[in-house]
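Taking it in order: structure first as structure tokens, then the write-up.
Given the structure is predicted, the values throughout are model-derived calculations rather than measurements.
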Amino acid sequence: MTTDTVDPIQELAAFLRARRERLDPHDVGLPPRRRSRRTQGLRREEVAELAGVSIDYVVRLEQGRGLRPSADVVEALSRALRLAPDERAYLFDLAQRRPRRAAEPATTAAPQLARLVDDLSPLPAMLLNHRYDILAWNTAMARLLLDFDTLPPSRRNVMWLCLMHPGMREVYVDRERVVQEGIAHLRAAWAAHPEDQELADRITEFAAHDADFARLWAERDIKVNGRGRKVLRHPVIGEVAVRFEVLVPLQDPDQQLVIYRAADEESRSALDRLPGARG
């Protein structure tokens, strides 16, 4: 698998087909058809009817024939295909109908955010960019996951660590779900930053080295979780459950602040036992 920078027209076509094929007429309130269906999902004419556009228009969109739908049409297609909010945002990005973000991705932490990450101790915290590069972290996060200072900057990437670092592959108890959520973020970032060749190259690298990543990437899931729960294995304190929150600074929207908190009292006690946790 080779991942290029985004060809929005072709990815929009593939995404529309994938989302049409996952829907049943019953899901969208259409009456059953007498004629048997040869393929799964809605027919193109049913999508056209629901979105209020012509069948030919849907056909040309799905064939990637150079159309750039208006914002109104993108909204109508989103409703017709029952897209979740993250999927809708992805479709708007592919149609290039959302305001573009800063052209240059953040590669260093904004100083104020780096200080905030430090000040959040003893809560583990780190700062990421849209590629999942780790731009800043505090001591608590390093003690919980990994001493990031021991890695070259090119390997300080959350997804690379989860997929390819020998010491991190078994850290997450539910590794597949963690990878799946990370892929959803990367796919959304890939559409929002269509010229980011470094991101495209990393996706290619991940798919080449991890079969689970390649399989999950092909599913085109776009659900991005800004909060949730993870269970981690630590060599000193054992299993620990954390709740995470992802915050996006208004003045630095390409950066994401990730904060971990103990999910229960047992995990809180375990985090307190981390070497140097209170020192």
Side-chain angles (χ1 to χ4, degrees), residues 1 3-30 39-53 57-64 67-101 128 130-132 159 176-194 196 199-200 203 206-207 212-228 244 246 248 253-254 256:
M1 169 182 156
T3 306
D4 297 321
T5 52
V6 180
D7 180 337
I9 292 172
Q10 295 304 317
E11 177 58 20
L12 185 145
F15 185 63
L16 289 176
R17 289 194 303 271
R19 288 301 172 263
R20 174 174 61 80
E21 291 168 358
R22 76 175 182 177
L23 284 176
D24 185 89
H26 178 74
D27 297 333
V28 295
L30 290 175
T39 58
Q40 286 187 324
L42 295 182
R43 298 191 182 107
R44 292 189 179 99
E45 55 264 34
E46 291 167 335
V47 173
E49 178 184 343
L50 291 166
V53 298
Y57 192 82
V58 173
V59 170
R60 286 186 289 158
L61 279 176
E62 288 197 1
Q63 290 178 347
L67 297 181
R68 185 183 174 201
S70 68
D72 287 343
V73 171
V74 174
E75 185 61 46
L77 289 168
S78 298
R79 290 196 301 269
L81 295 171
R82 302 300 193 262
L83 298 186
D86 293 324
E87 295 172 326
R88 175 183 175 276
Y90 185 64
L91 190 62
F92 268 86
D93 280 332
L94 293 175
Q96 301 176 50
R97 294 301 183 186
R98 280 213 300 181
R100 305 312 299 173
R101 300 179 183 178
L128 312 177
H130 72 268
R131 296 173 184 154
Y132 267 3
M159 185 58 76
E176 175 152 337
R177 181 176 60 81
V178 171
V179 171
Q180 189 171 27
E181 291 176 353
I183 287 172
H185 167 86
L186 288 180
R187 183 170 277 283
W190 181 65
H193 298 80
D196 189 345
L199 176 59
I203 292 166
F206 297 154
D212 289 337
F213 183 99
R215 171 177 56 83
L216 293 168
W217 178 264
E219 292 180 2
R220 288 187 164 83
D221 282 334
I222 316 297
K223 180 174 173 53
V224 178
N225 285 334
R227 61 171 56 96
F244 67 89
V246 182
V248 178
D254 191 56
Q256 302 175 25

Name all residues meeting the salt bridge (Lys or Arg N to Asp or Glu O under 4.0 Å) criterion together with D72; count only those two or more places apart in sequence or in a different chain, and write none if there are none. none

Side chains of [X] and [Y]: does their closest heavy-atom pair fall under 4.5 Å?
X: I183; Y: D221; result: no
X: H193; Y: D254; result: yes
X: H130; Y: D196; result: yes

So which heavy atom on [X] is nearest to which on [Y], and how close?
X: A184; Y: I222; value: CB-C, 3.9 Å
X: L94; Y: F15; value: CD1-CB, 4.2 Å
X: A200; Y: W190; value: CB-NE1, 4.4 Å
X: A13; Y: G64; value: CB-N, 3.7 Å
X: F213; Y: I203; value: CE2-O, 3.7 Å
X: L77; Y: A51; value: CD2-CB, 4.0 Å

Value for CD (E45) from CG (L42), rounded to nearest 0.5 Å, stands at 9.5 Å

Report the distance from atom CZ of R44 to atom CZ of R17, rounding to the nearest 0.5 Å. 8.0 Å

Paired with N225, the side-chain hydrogen bond (donor to acceptor under 3.5 Å, both in side chains) test is passed by just one of R177, E181, H185, namely E181

Passing option when L67 is tested against L61, L12, I9 for side chain to side chain contact (heavy atoms under 4.5 Å, CB included): L61

Under the side chain to side chain contact (heavy atoms under 4.5 Å, CB included) criterion, do E46 and R20 qualify, and how do the steps go? CA-CA 9 Å; E46 291 167 335; R20 174 174 61 80; over 6 Å; no

Within the side chain of R227, is there an N or O that forms a donor-acceptor pair under 3.5 Å with the backbone of V246? no

Do W217 and L186 pass the side chain to side chain contact (heavy atoms under 4.5 Å, CB included) test, and can you show the C-alpha distance, the side-chain angles, and the key distance before you say yes or no? CA-CA 9 Å; W217 178 264; L186 288 180; 4.3 Å; yes

Tell me whether E219 is salt-bridged to R187, with the criterion being a basic N under 4.0 Å from an acidic carboxylate O. no

Side chain to side chain donor-acceptor pair (under 3.5 Å): which pairs involve residues 77-88, sequence neighbours left out? R19-E87, R22-E87, E75-R88

